[in-house]
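Heavy-atom basis, side chains included; hydrogens, waters and symmetry copies ignored. All residue numbers refer to positions in the sequence shown, counting from 1.
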Amino acid sequence: MRHPLFAAIGVAVAMALPSTTSAQAPVAALTGLVSSAEEPAMEGVLVSATKADSNITVTVVTGADGRYSFPANRLGPGQYAIAVRAVGYELDQPQPIEIKPIEIKATETPDQKAATKDLRLGKAGDLAAQLSNGEWLASIPGTDREKDQLLNCVGCHRVERIMRSKYDTDGFLTQILPRMQGYVQQSLPIHPQLRPAERLMEEQGEDRIQIYRAVAKYLSTINLSATEHWTYPLKTFARPTGRATRVIYTEYDLPREEIAPHDVIVDKAGIVWFSSFGEQNLGRLDPRTGKVTEFSYPKHREDFPTGSLGLRADGGGNLWLGNMYQATIVKFDPKIEQFQFWTLPAERNIAAAQINMVSPQRSGVDGKAWTQNNGFAGVHRLDIASGKIETWEPFKGAPKGESHNIYDVIPDSQNNAYFTDFRQGQIGRIDAKTGEVSLFQTPTPRSAPRRGNMDAQDRLWFGEYRGDRIGMFDTRTREFKEWKLNTRWAAPYDVVLDKNEDAWTGSMVTDQVTRLNTRTGEMIDYLLPRSTNIRRVFVDNSTTPVSFWVGSNDGASIVKVEPLD
């Protein structure tokens with residue numbers, strides 16, 4: 001399941017455990033220096049430790065002195081494999097594994113008993129296999145508009161597949177692009193699913209053909225269709241430095257590679273829940289043990305694609321899912337472990353219907369939950385008690401050929417609905433009492449607002465996917481504010497504000513999690529331990545510092561990010 005950039009190595013580790021009589025503070029379990037021929041002390045190298053027969057991996061990052069350190073309370077006795085992430089490098093000389101627990105006496109200092117293993121890195125044999133999607137986009141020639149088309153590909157697979165392909169323009173035009181368009185967005189290379197119908201507010205006919213031609217021609221110039229090796233240099237991003245190295249990651253591998261944990265949230269008891277993007281399952285993870293439990297729910301449209309996208313909780317702790325092409329709203333009561341379902345009215349339950357996001361956060365106000373419909377750019381409101389569903393089509397009267405995609409819907413404190421129009425870069429509002437629709441244009445053109453969250457002050461925070469920005473819309477003053485991210489092609493998907501007024505987002509493209517100090521504008525980019533297709537982001541404010549959670553659609557895992565400051 002690990003990506004090729006992780007060269008595993010076994011290491012003898014003497015696990016340091018405090019004596020029951022010792023007054024010493026917890027010590028490091030394992031420390032060491034990371035170096036290479038080019039750098040005697042390598043800052044920003046991610047060092048991961050995975051215990052044998054465990055689905056839990058702990059990762060730390062080397063500091064400016066090139067040293068890494070695993071706290072003793074993160075690694076228990078047992079056998080471990082060590083891996084690294086440092087683009088352009090891999091581990092030299094793998095060694096066998098031998099783990100020994102030891103005891104620290106009261107007279108010993110922590111440094112005397114911390115196990116030490118220095119790691120020597122050599123140049124990677126296949127740099128291309130290590131590049132993130134963002135590094136590929138930085139490497140390939142072309143205009144921003146040409147490269148921008150590749151952001152449509154990263155939802156299902158890495159762009160490395162395209163660069164290694166040998167299709168010419170005709171091959172892309174007649175085979176690959178039509179085939180890719182035929183798959184739904186919750187497809188994985190190991191689990192493809194066909195699209196049942198075209199979305200009604202997307203490009204159609206001649207417009208799509210013209211786009212296909214331009215894309216096919218461009219892709220054939222950046223792959224291996226006419227050459228054995230790429231004619232352009234492969235560019236890499238800088239390794240983490242400074243505060244970006246002060247972090248601990250914990251990654252939980254899920255039991256099957258087909259599991260794509262699109263949304264991850266944590267309940268008040270510290271239990272992690274996740275939606276399965278391609279399967280009819282709701283997942284539960286106990287982070288203390290790594291145990292994963294799946295709760296299956298039935299199909300409501302037998303021959304349609306499976307899988308859920310949005311996962312959100314209401315005020316009572318019930319979990320709600322958007323069952324996508326099954327066109328079903330799903331509610332799960334974790335106390336009694338039972339599901340409840342609502343399907344669309346017959347006239348709305350067309351083949352293209354697609355319920356992605358369900359938003360019950362403010363259903364306590366009036367007993368109603370919001371959802372969007374990606375099939376025809378609509379918004380629905382469910383009366384939970386009666387089951388009645390109302391529908392809005394804000395763009396029904398739009399000029400022919402004008403594309404719209406209502407991506408997310410987020411309620412404010414009064415349960416008014418705000419929605420993002422991915423295609424036209426707008427934020428929309430539906431008044432809960434009058435039904436009136438208002439539209440507000442984001443300051444950045446073609447920003448592609450995607451998903452978001454409402455804070456306690458009724459400010460909507462959202463990711464501007466094609467604008468590389470964090471956006472905020474103050475619903476009370478109706479003013480926008482934007483922060484441009486440090487990395488080109490950051491492509492933020494979602495944004496959430498924590499208790500310290502830091503805004504967090506994650507990239508589908510760069511494997512980076514960004515933490516923004518909204519008061520100063522300072523940003524920290526945390527590089528994740530492996531390729532991670534980030535979607536919904538979640539912050540647990542019950543910890544100090546806060547903890548950040550995200551699912552890896554590419555890697556069938558769940559990642560916890562704990563900043564140390």
Inset, instruction - Just do the side-chain contact (heavy atoms from CB on, under 4.5 Å) check on Phe538 and Val264 with the steps written out, would you? - result: CA-CA 7 Å; Phe538 183 89; Val264 172; 5.6 Å; no
Inset, instruction - Please step through side-chain contact (heavy atoms from CB on, under 4.5 Å) for the pair Arg239 and Leu527, ending with a clear verdict. - result: CA-CA 8 Å; Arg239 297 197 305 270; Leu527 177 65; over 6 Å; no
Inset, instruction - Would you please test Val87 and Leu127 for side-chain contact (heavy atoms from CB on, under 4.5 Å) and show each step? - result: CA-CA 7 Å; Val87 66; Leu127 175 61; 4.0 Å; yes
Inset, instruction - Any chance you could lay out the side-chain contact (heavy atoms from CB on, under 4.5 Å) test for Val546 and Asp540, step after step, and finish with the verdict? - result: CA-CA 6 Å; Val546 301; Asp540 182 358; over 6 Å; no
Legend entry - Test log, rule side chain to side chain donor-acceptor pair (under 3.5 Å), inputs Ser275 and Ser308: CA-CA 6 Å; Ser275 61; Ser308 291; over 6 Å; no
Inset, instruction - List the steps, then state whether side chain to side chain donor-acceptor pair (under 3.5 Å) holds for Ser165 with Asn223. - result: CA-CA 6 Å; Ser165 73; Asn223 70 351; 3.1 Å; yes
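Under the 30°/60° scheme for interplanar angles, the aromatic rings of Tyr407 and Phe422 are found to be tilted. Using the six-membered ring where Trp is involved, Phe480 and Phe473 have ring planes that are tilted, between 30° and 60° apart. Between Phe277 and His262, the two ring planes are tilted [angle within 30° to 60°]. The aromatic rings of Tyr68 and Phe70 stand perpendicular to each other, their planes meeting at an angle above 60°, with 30° marking the opposite boundary. Using a 30° and 60° split on the angle between ring planes, Phe395 and Phe419 fall in the perpendicular class, above 60°.
Checking side-chain atoms of Thr442 against main-chain N and O of Gly425 turns up a donor-acceptor pair under 3.5 Å. A distance-only check finds a donor-acceptor pair linking the side chain of Asp468 to the backbone of Ala491 [under 3.5 Å]. Side-chain N or O atoms of Tyr465 include one that pairs as donor or acceptor with a backbone N or O of Leu151 at under 3.5 Å. Distance alone, capped at 3.5 Å, places no donor-acceptor pair between the Glu251 side chain and the Thr57 backbone. Of the possible donor and acceptor atoms, one in the side chain of Arg466 sits under 3.5 Å from a partner among the backbone N and O of Asp148. A distance-only check finds no donor-acceptor pair linking the side chain of Asn500 to the backbone of Asp502 [under 3.5 Å]. In this structure, the side chain of Ser48 does not engage the main chain of Val84 through any donor-acceptor pair within 3.5 Å. In this structure, Thr306 contributes its side chain and Gly278 its backbone to a donor-acceptor pair below 3.5 Å. In terms of modelled atom types and a separation under 3.5 Å, the side chain of Glu135 and the main chain of Ser132 share a donor-acceptor contact. Checking side-chain atoms of Thr227 against main-chain N and O of Leu224 turns up no donor-acceptor pair under 3.5 Å.
Salt bridge annotation for Arg535-Asp263: absent, with no cationic side-chain nitrogen under 4.0 angstrom from a carboxylate oxygen. In summary, Asp498 and Arg515 do not engage in a salt bridge, as defined by a charged side-chain N under 4.0 Å from a carboxylate O. Salt-bridge formation is detected for the pair Asp408/Arg312: a Lys NZ or Arg NE/NH1/NH2 atom is positioned less than 4.0 Å from an Asp or Glu carboxylate oxygen. With respect to Arg158 and Asp554, no salt bridge is recorded, no charged nitrogen being found less than 4.0 Å from a carboxylate O.
Judged by distance alone, the side chains of Asn517 and Glu522 never bring a donor and an acceptor atom under 3.5 Å apart. A side-chain N or O of Thr543 and one of Ser547 form a donor-acceptor pair less than 3.5 Å apart. There is no side-chain donor-acceptor pair under 3.5 Å between Thr241 and Glu43. Residues Ser447 and Thr444 bring no donor and acceptor atom of their side chains to less than 3.5 Å of each other. When only modelled atom types and interatomic distance are considered, Thr532 and Asp511 share no side-chain donor-acceptor pair under 3.5 Å. Donor-acceptor pairing under 3.5 Å is lacking for the side chains of Ser36 and Glu39.
Glu562 CD to Arg246 CZ: the interatomic distance, rounded to the nearest 0.5 Å, is 13.0 Å. For the atom pair CD (Glu90) and CZ (Arg85), the distance works out to 14.5 Å, reported to the nearest 0.5 Å. Taking NZ of Lys217 as the start and CG of Asp170 as the end, the distance is 14.0 Å to the nearest 0.5 Å. Residue Met472 holds its CE atom at 12.0 Å from CD1 of Ile427, rounded to the nearest 0.5 Å. With values rounded to the nearest 0.5 angstrom, Met454 atom CE is found 5.5 Å from Thr475 atom OG1. To the nearest 0.5 Å, atom CG of residue Asp525 and atom CG of residue Leu516 are 10.5 Å apart.
Contact record, Ile410 with Gly452: CG1-O, 3.6 Å, taken as the closest heavy-atom pair. Scanning both residues, Gln130 and Ala124, for their nearest heavy atoms gives NE2-CB, 3.6 Å. The heavy-atom pair separating Ser35 from Pro40 by the smallest distance is CB-O, 3.1 Å. Across all non-hydrogen atoms, the minimal contact from Asp421 to His404 is OD2-ND1, 2.8 Å. When every heavy atom of Gly506 is checked against every heavy atom of Val537, the shortest pair comes out as N-CG1, 3.8 Å. When all heavy atoms are compared, the tightest approach of Pro240 to Ala244 is CB-CB, 3.9 Å.
Contact of the Leu219 side chain with the Leu150 side chain is registered, since non-hydrogen atoms from C-beta on lie closer than 4.5 Å. Contact check for Pro261 versus Leu254: side-chain heavy atoms found under the 4.5 Å cut-off. Side-chain atoms of Lys481 and Trp461, non-hydrogen and from C-beta on, never get closer than 4.5 Å to each other. Two residues are said to be in side-chain contact when any heavy atoms from C-beta on lie closer than 4.5 Å; Glu198 and Gln181 meet this criterion. Pro394 places a side-chain heavy atom less than 4.5 Å from the side chain of Ile406. Counting only heavy atoms from C-beta outward, the side chains of Thr62 and Thr245 never approach each other to under 4.5 Å. Using a 4.5 Å heavy-atom threshold, the side chains of Trp504 and Asn453 count as separate. A heavy-atom distance below 4.5 Å is not found between the side chains of Ile534 and Gln512.
Residues passing the salt bridge (charged side-chain N to carboxylate O under 4.0 Å, His left out) test with Asp494 are Arg536, sequence neighbours excluded. Residues passing the salt bridge (charged side-chain N to carboxylate O under 4.0 Å, His left out) test with Asp455, sequence neighbours excluded: Arg459.
Residues Trp230 and Trp136 place their aromatic rings such that the two centres sit under 6.0 Å apart.
Atom CZ of Arg164 has more than 12 heavy atoms from other residues, nucleotides or ligands within 6.0 Å.
For the pair Lys560 and Tyr249, the cation-pi test (distance below 6.0 Å, angle within 45°) is failed.
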